[in-house]
Amino acid sequence: MKEKYFPAEIEEKQQQRWAEAKVFEVTEDPARKKFYCLEMLPYPSGRIHMGHVRNYSIGDALSHYQRMNGFNVLHPMGWDAFGMPAENAAIKHNARPDQWTFENIAAMRAQLKRIGFSYDWRREIASCTPEYYRWNQWFFIQMWRRGLLYRKNATVNWCVKCNTSLANEQAEGGFCWRHEDTPVVQMELEQWFIRVTNYADELLDELDNLEGGWPERVLAMQRNWIGRSQGAEVEFAIAGNESEKIRIFTTRIDTIYGANAVIVAPEHELIEELIASGQASDGLKSFVEKQSEISREERLAEGAEKQGVPTGLFAVNPFSGDELPVWTANFVLTGYGTGAIMAVPAHDERDFEFARKYGLPIPRVIKVAGSDEPDDAPVEAPFTAKDESGVLINSAQFNGLTVPEAIKIMTEYAVQRGFGRPQTNFRIRDWGVSRQRAWGTPIPFIHCPKCGIVPVPEDQLPVTLPADLNFNTQGAPLAEHASFVNTTCPNCGGAAQRDTDTMDTFVDSSWYYFRYCDPHNDELPFDPEIAAYWAPVDQYIGGIEHAVLHLIYTRLWTKIMRDLGLLSFGEPVRKLLTQGMVCLATNRCEEHEWLSPNEVIDGKCKFCERPVTIGRVEKMSKSKKNTIDPDEMIREFGSDTVRLFMLFAAPPEKDLEWDDSAVEGASRYLARVWRIVYKWHDKLSNAAEGEASPAARALRRKTHQTIRRVSHDIADRMNFNTAIAALMELTNEIYAFDNSLKDVSNATSSDRFALREAIESLVKMLAPFTPHIAEELWQGLGHNEILVASPWPQFSEALAKEDELEIPVQINGKMAARVVVAAEASNAALEQAVLNDDRVKAKIGGKQIAKVIVVPKRLVNVVVK
RNA sequence: GGGGAUGUGGCGGAACUGGUAGACGCGCGGGUCUCAAAAACCCGUUACCUCGCGGUAGUGUGGGUUCGAUUCCCACCAUCCCCACCA
């Protein structure tokens, strides 16, 4: 063992030992408990960044801990390898996207191996390989057969930069998820869709079961996104043409006697008919035209002012028989519900605003239960409560019912009379999965002029991407590749054409971690029996940005796989941790804009010496140049130091600010551990438990308390920061003990026993966080077995127990004194000790003791008057 | 507008189910060692008053519950995130 800590020398050496011993390679073993620890797979952009390092350091710490605790730990890594950057590289540098991608993968894999994460590399997958994406195609065909995949002409989100359509989830607030400055435009296109709505109820309801294992905000975001709303559809006949109906959706059928209008979206088919048949007024035509011209963002940006025009038609309220004017207005949306509503101004904010603006009547039909306000009192503000506080008035035979009763009874009434029915609507839509890109999974269908859409026979999968695509084209490279497109129909044998869309890359990541379970299977995506052993994932770790993207898709896909008979469960992830971002302050120079940390010298710009403005602490990003390169840090300090810093500086779910001094602190700590182990490593043999000095007993107590605390902090809370703090405390105790001995030769056998126990426990417990130095020190202590495959230390309650306790004493809840008592002292003895204490007596003085509250082993509060 | 989260020293953060607020680390100050410096080791570090013993205040703000509140309840303020004319 060397005297000084040189990370570069030991890290590679220990990585080789692990690789040779295959300690991270696992197979199914029904006799052992499994633990599946998963980190979100990266896109192979070319370089690992600090966000990755943090994510994988968290997962690695947990994996090591569970492995040392006897679990059969599956800890894999792979590449989400399809997507736009490869295509952009192909266009820009005339490269091949597959070559570009595989070069990046090689570079990043080498980086991950240098950091020494405990992956089973035999299970590595890349989603751009035919061995992988063939199963995407297989899934599509299974889904097609079950009606879960379909094709329809639809208005889709289109990003002009990506030059492709996007799912709703990828068009956040009207902007492309990859180009935050690029508004999404709407486009008519025939597309492939996955029938998410079949699973909407289940996707929502099962979120309740994830409570406790998933962060509350992710659950809230998913609930929000799925957006279930229960109500009813009601048909209003058009006056004078009773065979024609307008179907409206409402969650408040109880307010229907208060409707003053029916309002349809400007895109509603009724409007189209009116325009087509020449019945539309000029005002209506120009209004509709204007609405179609302005984009979604412009509509929202215009301050959301409500605008509408009457259509000239009237509709009959099926409950009251009233004829209501039919309007069209900008705030009624096509694509949600039926694209038509009834307006009830007295009980809806929007309808109230609209009625005021256009001078429509505002009849009230609900009032506060028990109020003696007259039923025809003018409405000052809409009354929208949907609970028992509202009672129906002005509603014929339904008067007197509470709102919830009325909703139920009036819906039933509508069903009986045949003009309505209960209806549940969702905000979530079917998933548009076609992309007009070339670097993705080809959609395995053939368009035959005679037979229509025909799936590629399963024994002809995969449909592979041609290697010689031409990316320097205005159009779609796949569609222009004649030998790819032109084929024969598997059904009739006639000439036919392949589908030229590719799949959304979120398909790839929807099921990849099941493939890790059985990565080389060439008959199925995975063997259901093998998956049944490893899955579901016990702990998943990744960024919050996937809360409503990947994490909804993968829950959906799991349910589909269950229905295909591949799985026996529908929720893929037991526990989810959304780790915080890695942040750094930005620097800005007037002349040279964003500056990287090493372009700032003494607060001045390196290039022009102008003073630099320090900006906000933000997520590390290339564009703002506030990044720290993991490779540089690891070269300077070693992988262990970088990991230790990241795990110690903040709890995993919080944002982490990079701090050079704190990194040095982490490095200093490891050197400090090294020195004390070096000092004793060859002097701890022949130690016996024997009669221990008080100091040795105290050290043993600290050791066992630390084992208890660290185990709890990792396993039950994933609070690595406090676990590491506990290890630092133990280290300080070891130093104090070492100092108290003055000289190595003073140590008795039992002193050395206590020291050995403390030092060996410390080294073992460092293994999850800083595996290389721990492994090296373990060897230095004379152990031949591999530490990261050795058992976690166990603590003894008896040794962890304190002999004496220092009990705080309060007088009327304020801190007054401390008394030392035996740990076993009874409540009565404790109370007696407190009341006999001179300081306590003095503080009580002449006051009378009203009562004494004794919290065993914790505190005594004397209440005086 | 609806929903979710966060708020503790100079800084990152501790405080388990209501029980000694500030663990651990960074930074800062002091000491030991040294010709000197670095490193290392040791001590101190919420604020205010006090030479010291000690005292007072203190976990965004204002209330409440309790013997006792960073922790529970109510209202408010600030910051961040998600959804948003969704009927």
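Just so it is clear, the values below take in all heavy atoms, side chains as well, and ignore hydrogens, waters and symmetry mates.
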>> Measure CG/A:Leu859 against P/B:A15 and give the value in whole Å, please.
In response: 20 Å

>> Between B:C67 and A:Lys851, counting only base atoms on the nucleotide and side-chain atoms on the residue, is there a donor-acceptor pair under 3.5 Å?
In response: no

> Base, sugar-phosphate, or nothing for A:Asn739, non-hydrogen atoms under 4.0 angstrom?
Replying inline: sugar-phosphate

> Is it true that A:Arg223 and A:Asp208 have a side-chain N and a carboxylate O under 4.0 angstrom from each other?
Replying inline: yes

>> Check this for me: does any side-chain nitrogen of one of A:Glu729 and A:Arg709 sit under 4.0 Å from a carboxylate oxygen of the other?
In response: yes

>> In whole Å, measure the gap between the P atoms of B:U20 and B:C81 for me.
In response: 36 Å

> What does A:Arg818 touch in the nucleic acid at a heavy-atom separation under 4.0 angstrom: a base, only the sugar-phosphate, or nothing?
Replying inline: base

>> Please report the distance, rounded to the nearest Å, between CD in A:Glu349 and P in B:C85.
In response: 15 Å

> Considering only the P atoms, how many Å lie between B:U59 and B:G63, rounded to the nearest integer?
Replying inline: 12 Å

>> Please report the distance, rounded to the nearest Å, between CG in A:Leu647 and C1' in B:C24.
In response: 15 Å

Per-pair distances, 0.1 Å, donor-acceptor, side chain in residues 805-813 of chain A, under 3.5 Å, sequence neighbours excluded:
{"residue": "A:Asn812", "atom": "OD1", "partner": "A:Val864", "partner atom": "N", "Å": "2.9"}
{"residue": "A:Asn812", "atom": "ND2", "partner": "A:Val864", "partner atom": "O", "Å": "3.4"}

> When all nucleic acid strands are considered with a 4.0 Å heavy-atom cut-off, which category describes A:Gly665: base, sugar-phosphate, or nothing?
Replying inline: sugar-phosphate

> When the distance from CH2 of A:Trp214 to C1' of B:A5 is rounded to whole Å, what number comes out?
Replying inline: 18 Å

>> Quick check on B:G9: syn or anti? Syn means the glycosidic torsion is within 90 degrees of zero.
In response: syn

>> Less than 4.0 angstrom from a charged side-chain N to a carboxylate O is my criterion; do A:Lys306 and A:Glu353 meet it?
In response: yes

> Taking CG from A:Leu549 and C1' from B:C83, how many angstroms apart are they, rounded to a whole number?
Replying inline: 14 Å

>> Looking at the base of B:C83, is there any donor atom on it, or on the side chain of A:Asn224, that sits under 3.5 Å from an acceptor on the other one?
In response: no

